[in-house]
Amino acid sequence: MITIKDIKKSFGSLEVLKGIDLHIEKGEVVSIVGPSGAGKTTLLQIIGTLDKPDAGSILIDNVNVTTLSQKKLADFRNRHIGFVFQFHQLLPEFTALENIMIPAYIAGTGSKAAKQRAEELLQFMGLSDRAKHKPNELSGGEKQRVAVARALVNNPAVILADEPSGSLDTKNKEELHQLFFDLRDKFGQTFVIVTHDEQLASITDRTIHMRDGLLENLDNLERLENLEKTEETEENHD
């Protein structure tokens, strides 16, 4: 699903990512943890095609996104990647339903189909009665559920979340964390979550530890090596 090879990124003289190798399987819920300044958010932004690496390659759904033009990259991002941010980033002038529909409109989906999809997601989130409410009329937990629904509206292959429960109380955190797994089971999305929340990290399928721009997990290279061996075997059989 996601294969990252030797990703490097610097900002001026500061080397933030120093050669990241990582493979994430389809349907995995993976957390990325580490101290501030480890490079977690930079890595997430590069996976999400919001930033470009200085070197290396990223394959998402067998597409090398590092080679796409800006126009094709924007289209790929809209259709294949969903984003959930710490502070939901909902547009205050639009209702919950309208906020969810916006990425569908950008993708060229018709109004009727976009509305139907948004209503289905609101129902799944238990928020059908909040469809016409604007963000300032929603609780923190409700806002974040709307943000998750917005990330899902185009049925993307990958959901990237940056500290998604960082602004929530304990009850809403637990509900949001369970929601990620419910969504994975229902829709089959792959989740990559940057978090400082130990409780969330402990329940994900795999936890990736970062420090000083490098991954500390020893199994990442092994996963890549096994993937490459499998691909070579398949090619030989062809």
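Computed from heavy atoms alone, side chains included, the values below leave out hydrogens, waters and symmetry copies.
Considering all non-hydrogen atoms of both residues, Ala107 and Arg79 come closest at O-NH2, 2.9 Å. Of all the heavy atoms in Ala104 and Ala114, the pair that sits closest is CB-CB, 3.8 Å. Nearest heavy-atom pair across Val33 and Ala201 is CG1-CB, 3.8 Å. In plain terms, the two heavy atoms of Asn99 and Pro135 that are nearest each other are ND2-CG, 4.1 Å.
Counting heavy atoms from C-beta on, the side chains of Ile193 and Val30 never come closer than 4.5 Å. In this structure the side chain of Leu138 never reaches within 4.5 angstrom of the side chain of Arg145, judged on heavy atoms. By the 4.5 Å heavy-atom criterion applied to side chains, Val63 and Leu68 are counted as neighbours. Taking 4.5 Å as the limit, every side-chain heavy atom of Met101 sits out of range of all side-chain heavy atoms of Phe94. Taking the side chain as every heavy atom from C-beta outward, Ile81 and Phe76 approach each other to under 4.5 Å. A 4.5 Å side-chain heavy-atom check between Leu127 and His133 finds every atom pair outside the cut-off. Between Leu91 and Glu98, the closest side-chain pair of non-hydrogen atoms is not below 4.5 Å. Here the side chains of Met125 and Val146 are not in contact, with every heavy-atom distance at 4.5 Å or above.
Sorted by first then second residue, the ring pair (Phe, Tyr, Trp, His ring centres under 6.0 Å) pairs that include residues 141-192, not counting sequence neighbours, are Phe124-Phe187, Phe180-Phe191. Counting only residues at least two apart or on different chains, the side-chain hydrogen bond (donor to acceptor under 3.5 Å, both in side chains) pairs with a member in residues 107-128 are Tyr105-Ser111.
Remark: the backbone N or O of Met1 is not paired with any side-chain donor or acceptor of Asp61 at under 3.5 angstrom. The backbone N or O of Asn78 lies less than 3.5 Å from a partner atom in the side chain of Asn154, making a donor-acceptor pair. A donor-acceptor pair under 3.5 Å links the side-chain atoms of Lys9 to the main chain of Lys52, judged by distance alone. A donor-acceptor distance shorter than 3.5 angstrom exists from the side chain of Asp205 to the backbone of Val29, with no hydrogens or angles considered. A donor-acceptor pair under 3.5 Å is absent between the side-chain atoms of Gln178 and the main chain of Lys173, judged by distance alone. The closest donor-acceptor contact from the side chain of Lys40 to the backbone of Gly34 lies under 3.5 Å. His23 contributes a side-chain N or O that, together with a main-chain N or O of Ile2, makes up a donor-acceptor pair within less than 3.5 Å. When atom types are taken as modelled, the side chain of Asp54 and the backbone of Ser10 share a donor-acceptor pair closer than 3.5 angstrom. Panel note: side chain Thr190, backbone Gly27; a donor-acceptor pair is recorded below 3.5 Å. Using modelled atom types, no side-chain atom of Glu216 and backbone atom of Arg211 make a donor-acceptor pair closer than 3.5 Å.
A salt bridge does not link Lys186 with Asp182: none of the charged nitrogens is closer than 4.0 Å to a carboxylate oxygen.
No more than 12 heavy atoms of other residues, nucleotides or ligands sit less than 6.0 Å from atom CG of Asp212. Counting heavy-atom neighbours within 6.0 Å of Glu198 CD, excluding the residue itself, gives a total of 12 or less.
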